[in-house]
Amino acid sequence: MRSFLLGFLLLLLPGVAKAADGLAGKVMCGYQGWFRVPEDGSKNGWHHYSGGKEFAPGSCGIDLWPDVRELAPGDRFSTPFKHPDGTAAEVFSSVRPATVALHFKWMREYGIDGVLLQRFATSTRDPRFRGPMDEILKACRKSAQEEGRCWAVMYDLSGLQPGNAQAVIADWKHLQNELRLADPDASYLRHRGKPLVSLWGLGFSDRAPMLDDWRTLITFFKKEAVPGGCSLMLGVPAYWQTLNRDSIADAALHTLMAEADVISPWTVGRYDSPKGAAGYAAKTLTPDIAWCRERKLDLLPVAFPGFSWHNLSKSRGREAKVDQIPRLGGRFLWSQCREFQKAGASMLYVAMFDELDEGTAIFKTRSDPPQGESLFVAEKDVPGDHYLWLTGMAGQLMRGKIKAEDEALPARKN
């Protein structure tokens, strides 16, 4: 009965069904959805806008300023920050359905296929944070259906302690039982004929290995999470194959990875220039793709537009350079897309759609951010939608509709 209902729904929504069918040729973005303001009803305060309770000049956790001018006045929130012209600087809340709807509208307009919705395992055990995350998931599902985009759940296991794998399983069952995630949904991304779930954080050297917990989770999602099991994507270190640098030095990592369907090495901060991206693609990504092909796995490489976490670091008592990895007007992001495609990649994950904290967002941001005690990254001569457009072009590159010329950005038509 379930398969019949799913097939019937797919017939009713052919555009959405096509968008949610497999990763091949797609460009997906990570979607944090973690920004909150005191007035949005979440009771989470200035969550992820500030490193503390206050969000004001000198007390800030973001390095890019979002462009919220397309939101209705009731979905924009004033702050103590001021733009250079003296107007109050406004922000958004991720829990507002209108915010999510606008983001998915941008995805459709610029040709971005969809998102992997971040769900933080440590937060799922606290109702104060799980409730708002549930609301954002509902909004993502609704907006994906309306805009013909796709989405899937990505569990980030950062901070989860050994022995707590059941927290992830319990949350998945919560999604199934209370939010009816298992109901036929033509917008939910399916890969290799099964709903895709991503688990991020396996094998990184900066945390406990937790290999027994990972075995439990891999078995659960492959065999038990839904009838027939899920397709599984694992977020792993950039140097997982050589088991060095950011990876644990344990060959058991390879055994666990071979159980998955998709491998996605995390490359944010692993290189800082087009030359570095080319070196990574040639020396690391190319043999990674070969390893995966030998085992009939797919590899989803991660590209990012730049990096900056000066204000977040300052709020934690540390120092970090503003604009630590420069965007170069898009040349840095495009160099990764170009080199990854040349290395054999046919799909792409762009980190992130809405990450203001670490300066990796590709959605619309202001080129005239507030000035003063808190410093922000801005490219004055770059249109606010430039990285949305460039990410959409990356999708065309992955689908073979355009070719990448060395060093050059694609031409943008007005």
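Among residues two or more places apart in sequence or in another chain, the ring pair (Phe, Tyr, Trp, His ring centres under 6.0 Å) test is passed with Phe120 by Trp34. Partners of Lys314 under the side-chain hydrogen bond (donor to acceptor under 3.5 Å, both in side chains) rule, at least two apart in sequence or in another chain, do not exist in this structure. Residues meeting the ring pair (Phe, Tyr, Trp, His ring centres under 6.0 Å) test with Phe77, sequence neighbours left out: none. With sequence neighbours excluded, no residue forms a ring pair (Phe, Tyr, Trp, His ring centres under 6.0 Å) with Tyr239. The side-chain hydrogen bond (donor to acceptor under 3.5 Å, both in side chains) search around Asp75 returns Arg96, not counting sequence neighbours. In this structure, Trp214 has no ring pair (Phe, Tyr, Trp, His ring centres under 6.0 Å) partners at least two apart in sequence or on a different chain. Evaluation of the side-chain hydrogen bond (donor to acceptor under 3.5 Å, both in side chains) rule for Trp65 yields no partner, not counting sequence neighbours. Residues meeting the side-chain contact (heavy atoms from CB on, under 4.5 Å) test with Val322, sequence neighbours left out: Ser308, His310, Leu375, Val377.
Residue pairs meeting the salt bridge (Lys or Arg N to Asp or Glu O under 4.0 Å) criterion with at least one member in residues 197-210, sequence neighbours excluded, do not occur. Residue pairs meeting the salt bridge (Lys or Arg N to Asp or Glu O under 4.0 Å) criterion with at least one member in residues 267-283, sequence neighbours excluded: Asp246-Arg270. Annotation: side-chain hydrogen bond (donor to acceptor under 3.5 Å, both in side chains) contacts involving residues 390-400, sequence neighbours excluded, comprise Asp113-Arg399. Here side-chain hydrogen bond (donor to acceptor under 3.5 Å, both in side chains) pairs that include residues 292-305, with residues two or more places apart or in two chains, are His191-Asp298, Arg192-Asp298.
Ring geometry, Phe221 versus Tyr155: the interplanar angle falls from 30° to 60°, so the pair is classed tilted.
If you look at Tyr271 and Phe304, their ring centroids are closer than 6.0 Å.
Contact check for His47 versus Ser42: no side-chain heavy atoms found under the 4.5 Å cut-off.
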